[in-house]
Number of protein chains: 2
Amino acid sequence: MPDAEGHPERSEIELGAVLSALADPLRRTVIRELLRAEDDVERTCTSFGLWESKSTRTHHFRVLRQAGLVRQVDRGNMRGVTLRRADLAARFPGLLELIAGER
Amino acid sequence: MPDAEGHPERSEIELGAVLSALADPLRRTVIRELLRAEDDVERTCTSFGLWESKSTRTHHFRVLRQAGLVRQVDRGNMRGVTLRRADLAARFPGLLELIAGER
DNA sequence: GCTTAGGTACGAATGTCTACGTACCTTCGA
DNA sequence: TCGAAGGTACGTAGACATTCGTACCTAAGC
């Protein structure tokens, strides 16, 4: 279980990193998907639609994780992905609504 | 007066372009400066602090303009820079507050 | 007319992002 | 035990971003 780490604390989440992460349309799609689900559902990385290759996916989820947008828990076999809804709402109020409202 | 154009309409302002533009700390600084001023003050490009070279500045202001964040009017000699406050507030409510609240 | 200040355009160098293949790891199910 | 599924790590290739220098333009002031 290599680096399941790289999660910043709530107070360490930086606006620049968040905006950079959200600048990519693929990553915005992932966040929008997570926002659509009511509560903080845990999803697998593959469950978001099969665009791109495995390694590319890993890359994008690492960016999201390191920026503080999602949390990934190691389930051995797989990785549970959850949106850090409360942290983001507290740190950057209005941000998630902005993403949710796209398109 | 080369391309003083490249301003998207309000409805054409895309979230992706806006987020990309705001991902850069220099450009966020410019927007924050503009937000600090009460009304839609027209400022020159040079008035934001003298970081970097002239051509780099031009580049960053072009990104901001093409993303729809600022408006640049040709005053012959200089270029008046204004924040597209109303357009942004209408299209992406909460966005500007997010930028203003940084740091 | 000349100079200066504020800007743009273009090209080049450098750097960062994105995407991919390959190899490898871990668990679940046959 | 042997796949197969879900992921990571690493290296690499191509695309895009950032920065700069240089040349050029326009209006204002002398």
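Protein chains get the first letters and strands the later ones, always in sequence-line order, with residue 1 at the start of each. Remember, predicted model here, so these are calculated numbers, not experimental data.
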Rounding to an integer number of Å, can you tell me how far [X] [atom1] sits from [N] [atom2]?
X: Phe61(A); N: dT18(C); atom1: CZ; atom2: C1'; result: 15 Å
X: Glu42(A); N: dG7(D); atom1: CD; atom2: P; result: 11 Å
X: Leu64(A); N: dC17(C); atom1: CG; atom2: P; result: 14 Å
X: Asn77(B); N: dG7(C); atom1: CG; atom2: P; result: 9 Å
X: Glu52(A); N: dG21(C); atom1: CD; atom2: P; result: 10 Å
X: Arg62(B); N: dT8(C); atom1: CZ; atom2: C1'; result: 8 Å
X: Arg79(B); N: dG6(C); atom1: CZ; atom2: C1'; result: 11 Å
X: Phe48(A); N: dG7(D); atom1: CZ; atom2: C1'; result: 14 Å

Check: Taking it one step at a time, do Leu22(B) and Leu69(B) satisfy side-chain contact (heavy atoms from CB on, under 4.5 Å)?
Finding: CA-CA 9 Å; Leu22(B) 292 174; Leu69(B) 284 159; 4.0 Å; yes
Next item on the list: Please check if any side-chain donor atom of Thr56(B) sits under 3.5 Å from a side-chain acceptor atom of Ser53(B), or the reverse.
Entry: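 There is such a pair (donor and acceptor under 3.5 Å, judged by atom type) between the side chains of Thr56(B) and Ser53(B).
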[X] side-chain N/O to [N] phosphate OP1/OP2 under 4.0 Å:
X: Arg57(B); N: dT19(D); value: no
X: Thr58(A); N: dT8(D); value: yes
X: Thr56(A); N: dC20(C); value: yes
X: Gln72(B); N: dT8(C); value: yes

Notebook entry, point to check: Distance-only, no hydrogens or angles: does the Arg28(A) side chain make a donor-acceptor pair with backbone N or O of Ala23(A) under 3.5 Å?
Noted result: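 Between the backbone of Ala23(A) and the side chain of Arg28(A) there is a qualifying donor-acceptor contact (under 3.5 Å).
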When we call it a touch if two heavy atoms are under 4.0 Å apart, what does [X] touch: a base, just sugar-phosphate, or nothing?
X: His60(B); value: sugar-phosphate
X: Thr44(A); value: sugar-phosphate
X: Thr46(B); value: sugar-phosphate

Checklist line | Joint hydrophobic cluster, Val73(B) plus Val41(B), side-chain heavy atoms closer than 4.5 Å | finding: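 Not linked; separate clusters.
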Item checked: Ring-face cation of Arg43(B) near Phe48(B) (centre distance under 6.0 Å, axis angle within 45°) ->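 Yes - Arg43(B) lies over the ring of Phe48(B), closer than 6.0 Å to its centre and within 45° of its axis.
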Nearest to the side chain of [X], heavy atoms from C-beta on, is which of [options]?
X: Ser55(B); options: dA9(C), dT8(D), dG6(D); answer: dA9(C)
X: Leu26(B); options: dT19(D), dC20(C), dG7(D); answer: dT19(D)
X: Lys54(B); options: dC20(C), dT8(D), dT8(C); answer: dT8(C)

Next item on the list: For Ser20(A) and for Arg75(A), find the nucleotide of DNA chain C with the closest heavy atom, then tell me which residue's nucleotide is more 5'.
Entry: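 Nearest-nucleotide comparison on DNA chain C picks Ser20(A).
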